[in-house]
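Notes follow the structure.
Values reported hereafter were calculated over all heavy atoms of this structure, with side chains retained and with hydrogens, waters and symmetry mates removed.
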There are 2 protein chains.
Amino acid sequence: MPDRPPRRSDATRTAILVAARERFASDGYERATIRAIAKDARIDPSMVMRYYGSKEGLFDAALDVDLHIPDPRELRQHTVGETLVGHFLTLWEENNDALTAMLRVSVTNPAGAERLQRIFRDQLLPVARHICPDPEQAPARAGLVASQILGMALARYVLKLPAAVALAREEVIAWLAPTVRRYLTAPHP
Amino acid sequence: MPDRPPRRSDATRTAILVAARERFASDGYERATIRAIAKDARIDPSMVMRYYGSKEGLFDAALDVDLHIPDPRELRQHTVGETLVGHFLTLWEENNDALTAMLRVSVTNPAGAERLQRIFRDQLLPVARHICPDPEQAPARAGLVASQILGMALARYVLKLPAAVALAREEVIAWLAPTVRRYLTAPHP
DNA sequence: GGTGTTGGTCAACGAATGTTGGCCAACGGC
DNA sequence: GCCGTTGGCCAACATTCGTTGACCAACACC
């Protein structure tokens, strides 16, 4: 995106975005009111409208994160599981608010669901297409991987199931990597 | 629960519950308004209040489903994966509205999250405790199983990722059962 | 057949929400 | 130093929500 000239209000704009991510992540779309977000950012609710047009516009701006999935060509069959699971764990811990918000909202809001759908289609499907034996099976295999990765994200970061939260990063990788590799490379059962 | 004497309004009561499950499942807690539920059930919104006290009371009543997880003692090491995954698929397809609603709401509403947490703790943990080698690892293993099963439910029934929806029941079982068995019985990596 | 009880509707309330427009102060180029 | 532009606040709007209480109709019982 083109970097526009810096404006005097940039600090406020990002303060709004930060507060919005936190609120969307912890409360979901409906309960995260513009008034609450504005109060967190210590500005007037009308500023949110002026800068982002509407609540939906704010949501779009707040969740504009880049997943930067690894290049499929760098993946190897026997390490693809560790690489992908590790990548997603890192990603989630670095952008916890934004990603938790996206998942939380995707479950309630149709537009959010479509966005999440597009992300996984655009980013995970190429990996499957590149690494799995029969390209025709790539969508199914990508869907399986998505189910396990999203499921762990759901249990660990959204529902916060104690058993899932307690797992160390290395344990999650050790358990999930073989699953992901099998979904991508094992022969169709 | 004690079966109370049949009332003249039982038809209306269940009509409200059916409509509520559909609305909660498709719209989530906040967007499922009492007015919309009442209109679906062809009665006045105030009836919902009279019969169920409040919106939260209606939600509790609508989601009172029994998971009836298989008895752990009937499970065998080499079939536990097929049994559990098949059971959850059947359960979800028979009570699609109620379970989708519960998952959808659990992601937004803290009380819903706690309910889902309790369900998995009370029902899945005993299975893990009975079947996995070291009882001390049972919580972690149950959490892993929950992440995969909830993840498939999320992808297939809530987000409706095309790749996950397209899978036939037997394919889901064939792919997920080895994962579940491994999470429960494989030695700690 | 009168009467109390139950099933149901109607109209309204108070609160909260997204959103809008008007107003004021501070900044920046000339 | 003047004045347009920008950043920000305040007050209010219309709508929608959950919830309430008054009121009416149909049933059941003696």
Side-chain angles (χ1 to χ4, degrees), chain A residues 2-63 101 104-105 108-112, chain B residues 2-63 101 104-105 108-112:
Chain A
D3 47 344
R4 288 155 299 193
R7 280 159 301 195
R8 201 154 31 103
S9 61
D10 280 348
T12 301
R13 296 180 119 93
T14 67
I16 293 176
L17 282 190
V18 170
R21 290 198 191 98
E22 284 178 10
R23 283 285 174 178
F24 282 134
S26 63
D27 296 348
Y29 188 79
E30 332 285 337
R31 301 169 88 111
T33 68
I34 289 193
R35 283 171 162 87
I37 293 171
K39 177 176 279 188
D40 288 355
R42 296 174 204 281
I43 45 92
D44 191 86
S46 63
M47 301 303 298
V48 178
M49 303 300 299
R50 183 182 297 194
Y51 288 151
Y52 297 100
S54 68
K55 185 176 181 178
E56 203 162 36
L58 171 64
F59 180 72
D60 279 348
L63 266 59
R104 214 183 272 270
V105 171
T108 304
N109 186 292
Chain B
D3 47 343
R4 290 154 301 193
R7 278 159 304 194
R8 202 155 27 109
S9 61
D10 280 348
T12 301
R13 294 180 121 93
T14 68
I16 293 176
L17 281 190
V18 170
R21 290 199 192 97
E22 284 179 11
R23 283 284 174 179
F24 281 133
S26 63
D27 297 347
Y29 188 80
E30 332 284 336
R31 301 169 87 110
T33 68
I34 288 193
R35 284 173 160 86
I37 293 170
K39 179 177 278 187
D40 289 354
R42 296 175 204 280
I43 44 92
D44 191 85
S46 61
M47 300 303 299
V48 178
M49 302 302 298
R50 187 186 300 205
Y51 290 152
Y52 297 101
S54 68
K55 185 176 183 178
E56 203 162 356
L58 171 65
F59 180 72
D60 279 348
L63 267 59
R104 215 184 272 270
V105 171
T108 304
N109 186 296

I need the CE-P distance between B:Met47 and D:dT19, as an integer number of Å. 16 Å
Rounded distance (Å) that lies between atom P of D:dC10 and atom NZ of A:Lys39: 13 Å
With no hydrogens and no angle check, is any side-chain donor or acceptor of A:Arg21 less than 3.5 Å from a backbone partner on A:Ala62? yes
A:Tyr51 near the nucleic acid: base, sugar-phosphate alone, or nothing, with a heavy-atom cut-off under 4.0 Å? sugar-phosphate
Residues B:Ala32 and B:Ile37: closest non-hydrogen pair is O-CD1, 4.3 Å
Mind calculating the distance between CE (A:Met49) and C1' (C:dG22) to the nearest angstrom? 16 Å
Nearest-nucleotide check on DNA chain D, B:Tyr29 vs A:Arg13; residue mapping nearer the 5' end is A:Arg13
What is the separation between atom CZ on A:Arg50 and atom P on C:dC23, rounded to the nearest whole Å? 14 Å
Rounding to a whole Å, what distance do you find between B:Asp44:CG and C:dA11:C1'? 10 Å
Options D:dT19, D:dG18, C:dT19, nucleotide nearest the side-chain atoms of A:Ser54: C:dT19
Under 4.0 Å between a side-chain N/O of A:Thr12 and OP1 or OP2 of D:dG7, yes or no? no
Under 3.5 Å donor-acceptor, A:Tyr52 side chain and A:Arg13 backbone: yes
Looking at A:Gly28, is its backbone amide N or carbonyl O close enough to the side chain of A:Arg104 to form a donor-acceptor pair, meaning the two atoms are under 3.5 Å apart? no
Interatomic distance where CD1 belongs to A:Ile34 and C1' belongs to C:dG18 [whole Å]: 6 Å
Output the rounded distance in Å from CZ (B:Phe59) to C1' (D:dG18). 17 Å
Over how many whole Å does the gap from A:Arg31 atom CZ to D:dC17 atom P extend? 16 Å
Could you tell me whether B:Ser46 contacts a base, only the sugar-phosphate backbone, or nothing, with contacts defined as non-hydrogen atoms closer than 4.0 Å? base
